[in-house]
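First the proteins, then the strands, lettered A, B, ... as listed; each starts at 1. Both backbone and side-chain heavy atoms feed into the values below; hydrogens, waters and symmetry mates do not.
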Number of protein chains: 2
Amino acid sequence: MMTDKHVHILQVAEALFADKGFDGTSVRDIAGQAGVNLAMISYYFGSKEKLMAALVEYRSNYTRGLLEELNKDESLTPWDKIDRLIDLYVDKILNNYKFHCIMTTHLPTIQSGDIKAMITDIKAKNYEEVKKIIQEGQKKKVFRKVDIELSVGSVMGTITHTTLSKSLYCRLLNIDCNDDELYRKKMIPKIKTHLKQLLRAHLDIKNQE
Amino acid sequence: MMTDKHVHILQVAEALFADKGFDGTSVRDIAGQAGVNLAMISYYFGSKEKLMAALVEYRSNYTRGLLEELNKDESLTPWDKIDRLIDLYVDKILNNYKFHCIMTTHLPTIQSGDIKAMITDIKAKNYEEVKKIIQEGQKKKVFRKVDIELSVGSVMGTITHTTLSKSLYCRLLNIDCNDDELYRKKMIPKIKTHLKQLLRAHLDIKNQE
DNA sequence: TTAACTTAAACAAACGTTTAATTAAAGAAA
DNA sequence: TTTCTTTAATTAAACGTTTGTTTAAGTTAA
């Protein structure tokens, strides 16, 4: 059972893991910052690794639902779906960038194969949903032939890059690196515009060569 | 002074950091795998963090030289330069992906501000070189107006994504995840083709809307 | 009264670093 | 070359912390 206290601990752990990494965060850090006794973490989750697994599961159930919903909507054109897809991912990642940092950067360092397989599963399933959108566009002769795996990779990679190289973009755009709110406010529309322009050129069947 | 032994330790540390992260790798691990005494790491580099700084410097001097050389070559058209740029980065990152993993994923977890600033500096300088290429193409009316920062980000992000989500791509392409050689052999041409197609559509002034 | 929750304290193991003793190498004087 | 001296390189052992986890006693709520 997941009480409010469980969730609170997960949220604190999330912020710490994102900031200092899995190994760089001690169970004492988490307990201290969450205001609970040290032993509660083991009592609640079993171990530090299982806490991580619980965090991943807690955060990952949400996205797939949104993707499946988007795919089912038959009133949308393929171009509409691409635009919504970009909006969805940019918002999701930049607004939960702490969790996203963990998923992309810190999880590979975890030695537990179980958790790694779990993540790959989640990514693969989300990828399949996006693939359907592109294939539908190709079937309707709106999109041209492209490398689907890497087209998805370019979208994900671009967004990830803006979270991983945040300090670089802050410097390029003259933003104070500690002002998260401002960074999101400036970057979210910028990334959306760029990705939509990029994919419009990339997918348009009129740009066939 | 950098002896062969220094370099050997750096290479061992690089592989371990890439695999298990900075905090996840102990100085004892490094010493053991490198076949040197534990105390030698402190004796040679001063501390674990300074070893990391030495590693970054050792690996980073190379790339900028290549970029500057590419930019000076006036016999190349902007499209040629884009193609060479992609070849350069894809080869560089996939062939040194261990180091690249450290740069992108593990370094943000290091608490030392000095090293972080060092990395941001390196990235910013490399970015400036790429920016010059795109601006030259725009000046010659070959490239259209695009978001330069994020266009570079899409290239870097795509390549990074293939190293960070290696296990996902292995599954999608039915490759044994442990066979690094095969992964590189299949992915390098695949990424190059995709990125060249992507940028051709993205940058071409004829696709102006 | 029973079960779930919470705690302070203790556990052994692993951590990065330092110490002090020893060996190897290099240079100068014989 | 040989011997002596000085510096550098290397080592095993120990340092004091911090790590994740467990224990056993205590509290709360049903």
Side-chain angles (χ1 to χ4, degrees), chain A residues 1-58 102 106-116, chain B residues 1-58 102 106-116:
Chain A
M1 219 212 99
M2 281 275 264
T3 67
D4 287 358
K5 212 164 186 177
H6 282 86
V7 173
H8 179 231
I9 293 173
L10 286 182
Q11 287 170 343
V12 168
E14 178 180 56
L16 287 170
F17 285 156
D19 194 37
K20 315 204 291 176
F22 181 76
D23 291 302
T25 304
S26 72
V27 181
R28 280 171 181 79
D29 280 345
I30 300 170
Q33 199 128 141
V36 303
N37 187 275
L38 170 65
M40 292 305 296
I41 273 89
S42 290
Y43 180 72
Y44 271 176
F45 299 99
S47 72
K48 190 185 176 186
E49 284 226 329
K50 283 179 186 166
L51 183 151
M52 173 63 104
L55 174 59
V56 171
E57 199 166 351
Y58 166 71
I102 299 174
H106 303 314
L107 267 171
T109 73
I110 292 181
Q111 300 300 317
S112 155
D114 291 355
I115 300 185
K116 283 188 184 181
Chain B
M1 219 210 98
M2 279 276 262
T3 67
D4 287 357
K5 211 162 186 177
H6 282 85
V7 172
H8 179 231
I9 293 173
L10 286 182
Q11 287 169 343
V12 168
E14 178 180 56
L16 286 170
F17 286 156
D19 193 36
K20 316 204 291 175
F22 181 76
D23 290 304
T25 303
S26 71
V27 180
R28 282 172 181 79
D29 280 345
I30 300 170
Q33 199 129 138
V36 302
N37 187 275
L38 170 65
M40 291 306 295
I41 272 87
S42 290
Y43 180 71
Y44 272 175
F45 299 99
S47 72
K48 191 184 176 186
E49 284 226 328
K50 282 179 186 165
L51 183 150
M52 173 62 104
L55 174 59
V56 171
E57 200 166 352
Y58 166 72
I102 300 175
H106 302 313
L107 266 170
T109 73
I110 293 182
Q111 300 299 319
S112 154
D114 290 356
I115 299 185
K116 283 189 183 180

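Listed pair Tyr43(B) / dA9(D) meets the phosphate criterion, a side-chain N or O lying under 4.0 Å from OP1 or OP2. A close approach under 4.0 Å does not occur between any side-chain nitrogen or oxygen of Ser26(A) and OP1 or OP2 of dT18(D). Look at Tyr44(A) and you won't find any side-chain N or O under 4.0 angstrom from OP1 or OP2 of dC5(C).
Checking dA10(C), dT17(C), dA8(C) against the side-chain heavy atoms of Lys48(B) singles out dT17(C) as nearest. In this structure, the nucleotide among dA8(C), dT6(C), dT18(C) sitting nearest to the side chain of Ala39(B) is dT18(C). Considering only the side chain of Asn37(B), dT11(D) comes nearest among dT21(D), dT7(C), dT11(D). When distances are taken from the side chain of Arg28(A) to each of dG16(C), dT7(C), dT21(D), the shortest belongs to dT21(D).
Between Phe17(A) atom CZ and dG20(D) atom C1' there is a gap of 12 Å when expressed in whole angstrom units. As rounded to whole Å, 12 Å separates atom C1' of dT18(D) from atom CG of Asp23(B). One interatomic measurement links the two molecules: CE of Met40(B) to P of dA9(D), which rounds to 8 Å at whole-angstrom precision. What separates CD of Glu49(B) from C1' of dC15(C) is a distance of 14 Å, to the nearest Å. Here the C1' atom of nucleotide dT17(D) and the CG atom of Asp29(A) are 14 Å apart, to the nearest Å. Atom CD1 of Ile9(B) is separated from atom P of dA9(D) by 12 Å (rounded to the nearest Å). Between the CD1 atom of Ile30(A) and the C1' atom of dT18(D) there is a distance of 15 Å, rounded to whole Å.
Separating the NZ atom in Lys50(B) from the OG atom in Ser42(B) is a distance of 10.0 Å, to the nearest 0.5 Å. For the atom pair NZ of Lys48(B) and CG of Asp23(B), the computed distance is 5.5 Å after rounding to the nearest 0.5 Å. A distance of 7.5 Å separates OG1 in Thr25(B) from CG in Asp19(B), rounded to the nearest 0.5 Å.
Take the nearest nucleotide of DNA chain D for Leu38(A) and for Thr3(B): the residue whose nucleotide is more 5' is Thr3(B). Ranked by how close their nearest DNA chain D nucleotide is to the 5' end, Thr25(A) and Lys5(B) are led by Lys5(B).
At a threshold of 4.0 angstrom between heavy atoms, the contacts of Ile41(A) with the nucleic acid are absent.
Ring-plane geometry between His6(B) and Tyr44(B) is classed as parallel, the angle between the planes falling under 30 degrees on a 0 to 90 degree scale with a further cut at 60.
Of all heavy-atom pairs spanning Ile9(A) and Leu51(A), the tightest one is CG2-CD1, 4.1 Å.
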